[in-house]
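Report on the structure given below.
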Amino acid sequence: MNKPLIKPAHASRNQPDKPFTDADYSLQTLLGGMSVEKFLADHWHKKPLLIRQALPGFGNWLNRESLTELACQDNSEGRLVQFKRGKCLLEYGPFDPETLRTLPKRDWSLLVSGVNHLLPEADWLLHRFDFIPAARLDDLMVSFAPPGGGVGPHFDSYDVFLIQGQGRRRWEISTQDDLTVVDGAPLRILQNFRVDESWELDPGDMLYLPPQLAHNGVALTDCMTWSVGFRAPKAEEIVGQFLTYLQDKLELPGMYSDPDLKQQKHVAEIPAAMLDWAEKTIKAAARWNKSDIADFLGRYLSEPKPHVYFDPPYRPKSLTAFTKAVQKTGLALDARSQMLFRGEAFFLNGERVEASTVMQPTLKTLADKRFLLPGECGQEQGQEMLALLYLWYQAGFLFPAG
Ligand code: SIN
Ligand code: CO
């Protein structure tokens, strides 16, 4: 894990034979010797867990300079939080390098979300948490803060694993119920934060926090935190989005007609016949079953975030050349690709794919592992499979490895 500082690179070079070996990491170490089963039963979504040296030797993949470079890129999602005279200030990237070079010595934090799309190492790290369903995964955020820096006491609606990179940070948590936030602040900072417990984290230490738990991370030295976040869809959001999905699928011919209209006593009264017709029509249209919900969820959860774009290959290979390449080296999903499945339905980046029974095992492997080995994506998988993979290659969703 002790790798030299790397230059930010696009994660599209994600490879099946990843540049890290399993010797760099073990799931057992990551969870401090606890089984996944026990972690899920006792901690996940319930209570915090501190794991000392979850990633021994971790810490130098990014530093202030390279995170600054990322935060200045057009395709990054950066935020700068500063505390000046007790006031919280928030700015959004992309930033001008000069702004980030000339910051005070203390009390600010630079945060870049979606680093897993920008840095292959971050993508690799994110997928060490594959013991949690991909449908829950959000992204990996990296922050840098000088002494005193942080985003203030707050709570998140996410489950998060906070991994200490370079430097030291003190994490304070509170089980308080009072979640009142400071009025008018650009971030939701807690008005009254009462520390119940605190820990100082060194490089490689990791703190898991469940959602809604008040916390505060304060940098003790120049420090970097890598946050692997897991989203949970909000009830209001899922219903709202499902209604939009239903609306997009609507094809309803016809309209209200009233050939038997009789004069009403009140001209302003809505006719009873119109009310009956609307009720009948809406009830008939607003019908769905579990497979409609699965179709909606697959599309919705695999939909890339609004700022994410795919780059089709600059000079696309022919189908024959693509086939040869993947037979030799295998293929990998682009780090930005989100692939899920439910039963026989496969979803990639918001689109549904109908897969024949013979294709399903290979597609499940691709969705789970995010790569296919040479023997898993060649002629033996059939022309239909190759044609589908080639289509995704042309869209920039995957690429031959190597
Ligand atoms: C960070 O400062 O890196 C993490 C902020 C948080 O607590 O969510
Ligand atoms: Co937080």
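For ligands, and for the atoms within them, numbers begin at 1 and follow the listed sequence.
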Look at ligand 1 and say whether Phe155 reaches it with a heavy atom at a distance under 4.0 Å.
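The answer is no: ligand 1 sits nowhere under 4.0 Å from a heavy atom of Phe155.
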Which of the atoms of ligand 1 are close to [X], meaning less than 4.0 Å from one of its heavy atoms?
X: Trp171; answer: 4 (C), 7 (O)
X: Arg169; answer: 1 (C), 2 (O), 3 (O)
X: His154; answer: 6 (C), 7 (O), 8 (O)
X: His215; answer: 6 (C), 7 (O), 8 (O)

Below 4.0 angstrom, N of the basic side chain to O of the carboxylate: do Asp311 and Arg336 qualify?
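Result for this pair is yes, salt bridge flagged.
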Suppose you place the vertex at the Co ion (ligand 2); what is the angle out to Asp156 OD2 and His215 NE2, to 10°?
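The OD2/NE2 angle about the Co ion (ligand 2) sits at 90°.
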Val160 and ligand 1 - part of the residue with a heavy-atom distance under 4.0 Å:
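None of Val160 does.
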Take Tyr300 and Tyr245 through the ring pair (Phe, Tyr, Trp, His ring centres under 6.0 Å) test and state the conclusion after the steps.
CA-CA 9 Å; Tyr300 173 65; Tyr245 163 88; 10.0 Å; no
Does a side-chain heavy-atom distance below 4.5 Å link Pro313 with Tyr393?
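Yes - at least one pair of side-chain heavy atoms lies under 4.5 Å apart.
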Taking the inter-plane angle between the rings of His117 and His307 on a 0 to 90° scale, is it parallel (under 30°), tilted (30 to 60°) or perpendicular (over 60°)?
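Tilted.
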Tell me, please, whether Phe347 has Arg342 positioned over its six-membered ring: NZ or CZ under 6.0 Å from the ring centre and within 45 degrees of its axis?
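Here Arg342 fails the 6.0 Å and 45° test against Phe347.
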